Each structure stands twice: as C-alpha cells, then as structure tokens.
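In what follows, a structure is listed as structure tokens, so that the remarks can point back to it.
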Amino acid sequence: MPKKVYIRTFGCQMNEHDSERLRDMFVQRGYALTERVEDADVIIFNTCSVRKHAEDRVYGKVGGMKVLKKNRPQLIIGIVGCMAEAQKYEIFKRLPHVDFLCGPADLDKVPDIIDKIRNGAGHIVYIESYKSKRIPEFSKDRNAGHAGFVKIMEGCDNFCSYCIVPYVRGRERSRPSKEILEEVELLIKKGAKNITLLGQNVNSYGKGLKEEIDFVELLRKIDRLIHRDCFARHRNNGGLAMTKIRVSFLTSHPKDASLKLFKAMRDLKSVSKILHLPLQSGSDKILKRMNRKYTVAKYKKLIESFRKIVENGSVTSDIIVGFPGETEKDFNDTLDIVKGLQFDGAYIFKYSPRPGTKAFKFKDDVTLEEKERRHSILLNLQKESKTRSCAQFTVLKTWS
Ligand code: SAH
Ligand code: SF4
Ligand code: F3S
C-alpha cells in the first residue's frame, strides 16, 4: 500500500502553487494523495502569516491533531511555508506533536525530510528562507489542468511597513526566462488555457538575473511562444479554430507599474486585461506610514492611464482598514477614492499587527470594533461599485 499524504493550504496563490508542486513531488515518489487526515501517514499544513487570523487557524487545526498523533505515533505532521518561518520559535512550544518545520525556500526538501524522520532523525527544521537566495527546484514535469500557475520570481524587497512577506519569503529573486518559457510551453502542451505568472512583485522581474530582461519583455516572449504554439496547433488540426490561451499575472506594485506595461497589456493578444494593483489606503499620510512609495494622486493617474490605454481593461485592488493612525478622515479619503475609481473587485483587510515588521512598533490604535465597522462600510461600498468586466476576477485571485 502506498503511503498517503494530506496537504492543506492557507494563504495566497503562491502558496497554492507551492502545494500543487509539493503534491506532484509526493506522487512522483510513490505516495497517494488523500483528503482525509484520518487516512494520512503524512499531514502537511502549508501556511500563511500575513494576518494573525491565518496563523490562529493553523494553531487551532494542528492543535486538534494531538489525539491523532497519540493514537498513531508513526504519523508525521509538518508545518511548512511562511508561518514555519514566522513562528519558528513558537510552534514546537505550542504544538509539540509537530515533527518538522520547513520554510518556503526549501519546500523541495520536504519528502527527504520525511524520509529522515522515518529513519529516526527526530524533529527537523529548515527555517532560513528569510535569507535564502534559492527558489525551490521542483521536478520539471508538471501536472496541468485548465489553469496553471508559473512562478516567475519569489520574495520581496519593498518592505511595506505592515507586511511580513519579505521576512518570510526573503529577498526578491527571479527565475531565468528560459526556465519560465519551458514551463509555460509544457503547461500549454498539457492543455492549460489560463496561465498565471506569480510573484510577490512581478513588475521588478529580472532584477539580479544575468540576462537583460524586464517583466514586459518576459510577457512579450511568452506571447510569442503562445502564438507560435497556437499557430502550430492550428496547422496540425487542419483548420480547427485556434484555442485561446490567456496569460495573467499577480501582483503588481503601483510604484513600479508603468505605461510600458499597460501598452503591452493592450498589444499582446494573449495577455489578460486585468490589472491587480493594490491601493492599500486612500490617504497619503497612511500610504507614507505604510512605506508604499506613491501618493493617492499618482495611483489615480495610473488607473486613468490604464483605462485610457487598455480598452475594456479591469482593475482590482487590495485595501487595508484600521492601519495605525488611520483617522475617520483618512478612512473617508479611502471611501472617496474607492467611490471615484470604481474597482472591478477589491479585497478589504482589517489591519493585523505582525511581529517583526516596522508597523508592529506603531500603536495599534484603531479598535477591533472600529476596524470591523470600516471593513463592512468599505465592503458594502465595493459591492455597490458598478461591476465592469470582472467575471475573471475570482479566477485570478482567491484567498484561503
Ligand atoms: N504583493 C503581495 C501582497 C501579499 S499580501 C502579493 O503577491 O500579492 C496580500 C495583501 O494582504 C496585501 O496587498 C495587503 O492588502 C494585505 N496585508 C498584508 N499585510 C497585512 C497586515 N499585516 N494586515 C492586514 N492586511 C495585510
Ligand atoms: Fe508585502 Fe508590500 Fe512586498 Fe506586497 S509589496 S509582499 S504588500 S512588502
Ligand atoms: Fe501568506 Fe506567505 Fe502568501 S505570508 S500571503 S502565504 S507569501
């Protein structure tokens, strides 16, 4: 009987993708996948630390597995991903039945870690992703469905004052374009129709690579590849209609989004016309304290240019309410810009102080009740927002 592995994911698309690659790796090693913890020989939680709530859920779920482990001591439980980094000094104290921790940069080592534990190695920890320069090297072969993620870069150098990501994913590093193109080609061959390029900050793709390339050039190369491929299929299928392949990307930062990018979104046929551009706040004072490096006026201008250049384009956003020092006036400024810009979709988050970040030192002076009030006002406003062509939004971005 093959050993069974259960993998549960929290957090963003990057984490969903990491779990998908981890599953492929286990299957290649002869494991079977299971959806039931009761049947599993190995239980893995791929975790997120972006808000405290995400960590609390994992503490709750894994805490409840004590009995499972007591009844089956050979069961192996691991916490991997961002929270393994952020909570490295807490997890074993609070969850002594966890066998291993592994940060996001070393996920490709997880099956080997499990073999070592089976051979009596005891607790194992790989928790130096915050300073790692590597991107996990999963096997080149991939399982693909209709939609496929491709990681183009990992990590973040922006250090928004509220955000844990640079401390858990480490500094920005990009994958060589050749590797990315090979992966895109493989996914297309396997039938993927929607390709999503992933990075914490896709606009700075290329930084530190030996080749001279930026994000727009990468999009161009991928577009050329898709047209070549579609063309070949068109020919082989003896005149059947060309299949549409769509390339989306996540996430852009307003300080780096450029007219050059918008023009590429207009001109490149395979590139999706959805721009996810997190605003975070409609108050310059708060944006400054968030270390976002743009003003509300600049953001507005960007969206106006985008809408002018990309006909039928959609814009989606992320907004945080209740950041330290956010007054009623600052919040009203956010309402105004949300009313004015009419996003096609937006995620609204209540500020959650993250230990180790700069904002953690600021007084968390907006009460939970007030955060909840602002959250629901903004959510309702966003719901009322006239919906433009946002049907693809949920496909583009989901949170678990
Ligand atoms: N650039 C990243 C953003 C990851 S975090 C990307 O690849 O998508 C996603 C969103 O979570 C952010 O845009 C921000 O709105 C929100 N967020 C980050 N840290 C937060 C915190 N401490 N409290 C509440 N929301 C937060
Ligand atoms: Fe976090 Fe800011 Fe980097 Fe996004 S750009 S991952 S919000 S630090
Ligand atoms: Fe969460 Fe890590 Fe993604 S902290 S948002 S899973 S990069």
Side-chain angles (χ1 to χ4, degrees), residues 8-19 45-55 57-58 79-87 103-105 107 129-130 135 149 151-172 196-205 248-257 275-282 286-287 289-294 316-324 326 334 343 346-360 362 364 366 368 371 374-375 378 396-400:
R8 169 86 193 266
T9 314
F10 295 83
C12 63
Q13 277 77 0
M14 182 79 86
N15 254 21
E16 290 290 345
H17 174 58
D18 283 339
S19 290
F45 282 80
N46 190 9
T47 56
C48 173
S49 273
V50 85
R51 281 168 289 278
K52 182 168 182 290
H53 177 65
E55 290 181 347
R57 281 168 74 201
V58 173
I79 295 187
V80 306
C82 298
M83 181 180 161
E85 284 287 332
Q87 292 282 301
L107 284 179
S129 296
Y130 72 98
I135 293 182
F149 291 126
K151 199 183 280 189
I152 64 165
M153 50 99 62
E154 178 153 12
C156 184
D157 291 348
N158 286 330
F159 289 93
C160 303
S161 64
Y162 50 79
C163 184
I164 193 85
V165 172
Y167 303 94
V168 289
R169 290 260 171 194
R171 295 293 70 73
E172 277 177 24
T196 306
L197 308 176
L198 292 180
Q200 268 78 32
N201 189 23
V202 290
N203 306 117
S204 52
Y205 171 78
S248 318
F249 51 89
L250 278 174
T251 299
S252 298
H253 192 297
K255 82 173 166 49
D256 302 316
L275 178 70
H276 182 63
L277 199 66
L279 164 68
Q280 311 298 7
S281 169
I286 297 296
L287 284 177
R289 280 168 74 88
M290 286 177 162
N291 193 30
R292 289 291 286 178
K293 301 191 178 85
Y294 55 85
T316 62
S317 204
D318 291 347
I319 295 166
I320 298 176
V321 295
F323 186 77
E326 186 187 74
T334 302
F343 292 120
Y347 281 92
I348 324 272
F349 302 109
K350 284 169 265 177
Y351 170 68
S352 166
R354 305 287 54 223
T357 61
K358 194 159 172 238
F360 192 68
F362 304 161
D364 184 18
V366 182
L368 183 59
K371 282 179 190 166
R374 292 180 190 178
H375 183 259
L378 201 48
L396 185 67
K397 198 170 194 265
T398 51
W399 278 87
S400 35

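Start at 1 and go down the list; that is how both ligands and their atoms are numbered. In this text the structure is predicted, and so the values were computed from the model without any measurement. Counting from 1, the numbers follow the sequence of the chain as shown.
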- Go through the side-chain N and O atoms of S204 and E172 and say whether any donor and acceptor fall under 3.5 Å apart. yes
In ligand 2, the atoms that come under 4.0 Å of a heavy atom of F159 are 8 (S)
* Asked: Looking only at atom types and distance, does a side-chain atom of T316 sit under 3.5 Å from a main-chain N or O of A346, one as donor and one as acceptor?
  -> no
For F323, does the six-membered ring have the charged nitrogen or CZ of R289 within the cation-pi criterion, i.e. under 6.0 angstrom from the centroid and within 45° of the normal?
no
Exercise. Kindly indicate, with the supporting measurements, whether the criterion side chain to side chain donor-acceptor pair (under 3.5 Å) is fulfilled by Y351 and E326.
Key: CA-CA 10 Å; Y351 170 68; E326 186 187 74; over 6 Å; no
Closest to atom 2 (Fe) of ligand 2 among protein heavy atoms sits C160 SG, 2.3 Å
Contact region, H253 to ligand 1, non-hydrogen atoms below 4.0 Å, reads neither
Note: A84 and I79 closest approach over all heavy atoms is CB-O, 3.5 Å
- Work out whether the distance between some heavy atom of S49 and some atom of ligand 3 is less than 4.0 Å. yes
Notebook entry, point to check: Is the closest N or O pair between Y351 and ligand 1 shorter than 3.5 Å?
Noted result: no
Note: ligand 2 atoms sitting under 4.0 Å from heavy atoms of P166 are 8 (S)
Closest non-hydrogen atoms of M14 and M153, given as atom of the first, atom of the second and distance, are CE-O, 3.5 Å
Q: Check whether any heavy atom of R169 sits under 4.0 Å from an atom of ligand 2.
A: no
Does L250 reach ligand 1, in the sense of a heavy atom lying below 4.0 Å from it? no
What I want to find out is whether E55 reaches R354 closely enough, with some N-O distance under 4.0 Å, to be called a salt bridge.
yes
Separation between OG (S317) and CD1 (I348), nearest 0.5 Å, reads 8.5 Å
So for F349 against ligand 1, with non-hydrogen atoms under 4.0 Å, the contacting part is side chain
Taking only non-hydrogen atoms of C12 and a 4.0 Å limit, the atoms of ligand 3 in range are 3 (Fe), 5 (S), 6 (S), 7 (S)
Counting from 1 in the order shown, the ligand 2 atoms closer than 4.0 Å to a non-hydrogen atom of C156 are 3 (Fe), 5 (S), 6 (S), 8 (S)
Q.
Taking distance alone, with N or O pairs closer than 3.5 Å, would you say R354 contacts ligand 1?
A. no
Residue, atom and distance of the protein heavy atom nearest atom 4 (Fe) of ligand 2 read Q200 O, 4.3 Å
Within the 4.0 Å heavy-atom cut-off, what M83 brings close to ligand 3 is neither
Check your understanding: Under 3.5 Å, N or O to N or O, is Q280 touching ligand 1 that way?
Key -> yes
At under 4.0 Å between heavy atoms, what of C82 touches ligand 3? The answer is side chain
key: Any K350 heavy atom less than 4.0 Å from ligand 1   = yes
the protein heavy atom lying closest to atom 1 (Fe) of ligand 2 turns out to be C163 SG, 2.3 Å
Correct closest heavy-atom pair for V321 and R374 would be CB-CB, 4.0 Å
For Q200, the atoms of ligand 3 under 4.0 Å from one of its heavy atoms are 7 (S)
Flag if over 12 foreign heavy atoms under 6.0 Å of NZ, K52:
no
Main-chain N/O of P166 paired to R171 side chain as donor or acceptor, under 3.5 Å:
yes
Ligand 3 atoms nearer than 4.0 angstrom to some heavy atom of N15 are 6 (S)
At under 4.0 Å between heavy atoms, what of V50 touches ligand 1? The answer is both
Side-chain ion pair, R169 and D18, N-O less than 4.0 Å
yes
Ligand 1 atoms nearer than 4.0 angstrom to some heavy atom of G199 are 7 (O)
Checklist entry - Does the N291 side chain pair with the main chain of F159, one donor and one acceptor, at a distance under 3.5 Å? => result yes
among protein heavy atoms, the one nearest atom 7 (S) of ligand 2 is Y162 OH, 3.5 Å
- Query: Taking atom NZ of K255 as the centre, does the number of heavy atoms from other residues, nucleotides or ligands within less than 6.0 Å exceed 12?
  - Reply: yes
Within the 4.0 Å heavy-atom cut-off, what R292 brings close to ligand 2 is side chain
field: Donor-acceptor under 3.5 Å (N203 side chain, H253 main chain)
entry: yes
For ligand 3, is there an atom lying under 4.0 Å from some heavy atom of R169?
-> yes
Kindly indicate whether a cation-pi arrangement holds for R57 with F10, taking the cut-offs as under 6.0 Å to the six-membered ring centre and within 45° of the axis.
no
heavy-atom search around atom 5 (S) of ligand 2 in the protein gives N158 ND2, 3.4 Å
Metal site atom 2 (Fe) of ligand 2: N/O/S of H253 inside 2.8 Å: no
Ligand 3 to C48, heavy atom cutoff 4.0 Å, flagged ligand atoms 1 (Fe), 4 (S), 5 (S), 6 (S)
Closest to atom 1 (N) of ligand 1 by heavy-atom distance, out of Q200, M290, H276, is Q200
Scanning both residues in full, the closest heavy-atom pair of C160 with R292 reads SG-NH1, 3.3 Å
